[in-house]
Visitor: 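Got a structure for you, questions after.
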2 protein chains.
Amino acid sequence: MIKGKDGSNIPKVVIERLPRYYRYFDRLDGEMEKISSKKLGELMDTSASQVRLDLSYFGDFGQQGYGYNIKKLKRELANILDIETKKNVIIIGAGNIGRALTRFNALKEAGFNLTALFDVKPILIGERLNNVLIRHIDELSSYLESHDISIAVLAVPKAVANKVVKTLIEHGIKGILNFSRTDLDVPKGFPIENIHIMDKILALSFIIRANK
Amino acid sequence: MIKGKDGSNIPKVVIERLPRYYRYFDRLDGEMEKISSKKLGELMDTSASQVRLDLSYFGDFGQQGYGYNIKKLKRELANILDIETKKNVIIIGAGNIGRALTRFNALKEAGFNLTALFDVKPILIGERLNNVLIRHIDELSSYLESHDISIAVLAVPKAVANKVVKTLIEHGIKGILNFSRTDLDVPKGFPIENIHIMDKILALSFIIRANK
DNA sequence: TAGATTGTTAATCGATTAACAATC
DNA sequence: TAGATTGTTAATCGATTAACAATC
């Protein structure tokens with residue numbers, strides 16, 4: 001469990017909301033100087049209580065009678081999210097999703113440094129995409145041994161996903177962002193985030209139909 | 001609120017778990033004939049209670065002393081998720097993400113029929129991607145009027161996202177899958193699902209660092 | 001000073017898990 | 001029949017909201 005300010009455990013839901021707070025303070029920066037938890041709650045469609053409690057896990061950032069200074073909070077959140085530090089990332093799978101993410105320049109702005117792409121298809125190997133070299137998946141192990149990579153983005157067919165995961169974990173990858181259409185076998189507590197596009201559109205579709 | 005089996009409200013969290021159940025029954029189909037909530041819970045890394053309670057919102061699909069028949073449950077879930085029925089989808093934004101999704105053939109298998117892509121860039125208009133025509137965003141209103149579209153996938157820069165959303169909603173779109181890097185202004189209760197890739201990787205990165 | 005608003009603790013709400021009678 | 005396992009209700013757990021003393 002992850003510890004906050006005074007050693008208290010930070011709930012996972014709170015951590016997952018952090019980037020959203022950052023987005024709001026980033027957007028408000030330039031527009032106004034300060035904001036109260038009440039106003040921010042209205043803007044973010046949540047309660048003032050939740051805003052205050054969420055932020056309080058990380059520090060005492062506000063001031064009574066004033067609220068939260070936007071420039072300050074943006075800086076604090078950038079710090080908490082470690083946006084300044086470069087973090088090396090690789091993408092496994094140079095298919096539709098892998099290629100789209102390679103060109104997704106916003107990653108760089110948030111400190112993510114894409115160092116390599118991996119695939120199996122011979123025609124792709126050696127190609128450069130957005131100046132990133134596509135390597136053969138067989139090189140993955142040795143690459144991981146000789147480079148300090150924090151995050152692997154998994155964008156491979158589900159049939160091979162867990163084989164790749166095994167290699168990644170054996171070679172000390174620190175976290176996985178999973179776009180593959182299956183759940184991954186990772187040790188309990190291992191840092192992983194799943195993006196299941198199909199699950200999202202199916203749930204959306206269900207909700208639409210139920211609304212009728 | 002969405003009603004289940006006997007008029008009881010189905011919690012949103014349960015609905016969002018449905019596609020995952022479908023994935024598991026789809027995967028198990030062919031491997032075995034039946035499964036108990038206990039075994040499925042272990043497989044899905046959840047509790048037997050949750051499996052039983054979740055499924056019970058939609059019907060009495062199991063049998064005491066036997067468990068759940070896999071073929072039957074796969075069929076039931078496909079039915080609940082309405083996978084057989086064709087649902088028309090458009091994508092707004094023919095950038096990296098929009099283009100990747102256009103080529104994402106799994107959508108078709110789940111009943112989603114991509115009918116058009118929209119963008120502003122003159123060079124892109126008229127092009128065909130995976131046999132789908134790219135149209136100019138100015139045609140969006142009239143296109144929505146003359147076609148029966150359920151879902152719009154939004155993959156445009158955040159600066160224009162809410163302008164597009166306004167048009168979509170005015171012309172009766174039923175739901176939005178949002179990939180744009182901002183929260184959208186939609187009426188309370190409007191069906192929307194957000195995929196914030198950057199939020200996910202930032203949360204992942206935070207967790208990795210906190211683990212040290 | 002008076003008004004505003006924080007950070008935190010207590011109360012409430014909702015979701016998950018445990019227990020168990022029903023029954024295949 | 002005995003064992004297994006469901007569907008459901010009750011108990012527990014965790015997350016959200018309300019309340020409020022502290023203080024800018």
Visitor: Which nucleotide, D/dT16, C/dT16, D/dT8, lies nearest any side-chain atom of B/Asp60?
Guide: D/dT8

Visitor: B/Ile15 has an atom CD1; how far is it from atom P of C/dA15, in whole Å?
Guide: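 Interatomic distance, CD1 of B/Ile15 to P of C/dA15: 11 Å.
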
Visitor: Look at B/Tyr68 and D/dG7 and indicate whether a side-chain polar atom (N or O) is within less than 4.0 Å of OP1 or OP2.
Guide: yes

Visitor: How long is the line joining CG of A/Asp45 and C1' of D/dT17, in whole Å?
Guide: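 Going from CG in A/Asp45 over to C1' in D/dT17 covers 15 Å.
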
Visitor: With a 4.0 Å limit, can you tell me whether B/Ser47 has a side-chain N or O closer than that to the phosphate oxygens OP1/OP2 of C/dT16?
Guide: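 Answer is no, no contact under 4.0 Å.
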
Visitor: How many whole angstroms separate atom CG of A/Leu53 from atom P of D/dG14?
Guide: 16 Å

Visitor: Report the distance from atom CZ of A/Phe58 to atom P of C/dT8, rounded to the nearest whole Å.
Guide: 13 Å

Visitor: Quick one: does B/Thr102's side chain have a donor or acceptor within less than 3.5 Å of a partner on B/Gly98's backbone?
Guide: yes

Visitor: Would B/Lys188 and A/Asp45 pass as an ion pair if we require N to O under 4.0 Å?
Guide: no

Visitor: Considering all heavy atoms of both residues, which atom of B/Val51 and which atom of B/Tyr21 are nearest to each other, and what is their separation?
Guide: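 Distance-wise, the nearest heavy atoms are CA-OH, 3.5 Å.
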
Visitor: Quick one: is A/Lys5 getting a side-chain N or O under 4.0 Å of the C/dT8 phosphate, OP1 or OP2?
Guide: yes

Visitor: Using a cut-off of strictly less than 4.0 Å, decide whether A/Gln50 has a side-chain nitrogen or oxygen near OP1 or OP2 of D/dT16.
Guide: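 Looking at the OP1 and OP2 atoms of D/dT16, one of them is under 4.0 Å from a side-chain N or O of A/Gln50.
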
Visitor: Scan B/Phe61 against the nucleic acid and name what it touches under 4.0 Å (heavy atoms): base, sugar-phosphate only, or nothing.
Guide: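 It contacts sugar-phosphate atoms only.
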
Visitor: Relative to the 5' end of DNA chain D, which residue comes earlier, A/Thr46 or A/Tyr66, by the nucleotide with the nearest heavy atom?
Guide: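 By nearest-heavy-atom nucleotide position, the 5'-most residue is A/Thr46.
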
Visitor: For a quick check under 3.5 Å, do B/Asp148 and B/Asn88 share a side-chain donor-acceptor pair by atom type?
Guide: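 No donor-acceptor contact under 3.5 Å links the two side chains.
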
Visitor: Would you tell me whether B/Lys87 and B/Asn113 have side-chain atoms, one donor and one acceptor, within less than 3.5 Å of each other?
Guide: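 Side-chain D/A pair, B/Lys87 to B/Asn113: absent.
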
Visitor: What is the distance, to the nearest angstrom, from the CD1 atom on B/Ile35 to the C1' atom on D/dT6?
Guide: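 Rounded to the whole Å, the gap is 15 Å.
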
Visitor: Between B/Gly65 and A/Gly62, which residue's closest nucleotide on DNA chain C lies nearer the 5′ terminus?
Guide: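 Looking at DNA chain C, the more 5' nearest nucleotide goes with A/Gly62.
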
Visitor: So which nucleotide from C/dA18, D/dC24, D/dA19 ends up closest to the side chain of A/Ser49?
Guide: D/dA19

Visitor: Are the side chain of B/Lys200 and the backbone of A/Asn194 linked by a donor-acceptor contact shorter than 3.5 Å?
Guide: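 Side chain of B/Lys200 to backbone of A/Asn194: a pair is present.
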
Visitor: Does C/dT6 have OP1 or OP2 sitting under 4.0 Å from an N or O in the side chain of A/Ser37?
Guide: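 Checking C/dT6 against A/Ser37, a side-chain N or O does come within under 4.0 Å of OP1 or OP2.
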
Visitor: Tell me which nucleotide among D/dT16, C/dT6, D/dT17 gets nearest to the side chain of A/Gln64.
Guide: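 The answer is C/dT6.
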
Visitor: Have a look at B/Ser37 and tell me which of B/Arg52, B/Gln50, B/Glu42 forms a side-chain hydrogen bond (donor to acceptor under 3.5 Å, both in side chains) with it.
Guide: B/Arg52

Visitor: Ignoring backbone atoms, establish whether A/Arg52 has a side-chain N or O less than 4.0 Å from OP1 or OP2 of C/dT6.
Guide: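 Answer is yes, contact under 4.0 Å.
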
Visitor: Any cation-pi pair here, B/Lys34 with B/Tyr66, using under 6.0 Å and within 45°?
Guide: yes

Visitor: Rounding to a whole Å, what distance do you find between A/Leu40:CG and C/dA4:P?
Guide: 19 Å

Visitor: How would DNA chain D look in dot-bracket form, 5' to 3', counting Watson-Crick and G-U wobble pairs with both distances under 3.5 Å and writing | for bases paired to another strand?
Guide: ..||||||||||||||||||||||

Visitor: Take atom CD1 of B/Ile10 and atom P of C/dG14, then tell me their distance rounded to the nearest Å.
Guide: 16 Å

Visitor: With a 4.0 Å limit, can you tell me whether B/Arg17 has a side-chain N or O closer than that to the phosphate oxygens OP1/OP2 of C/dT16?
Guide: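 For B/Arg17, the contact criterion (side-chain N or O under 4.0 Å from OP1 or OP2 of C/dT16) is met.
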
Visitor: Taking CD from B/Glu42 and P from C/dT17, how many angstroms apart are they, rounded to a whole number?
Guide: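 The distance from CD of B/Glu42 to P of C/dT17 comes to 14 Å, rounded to the nearest Å.
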
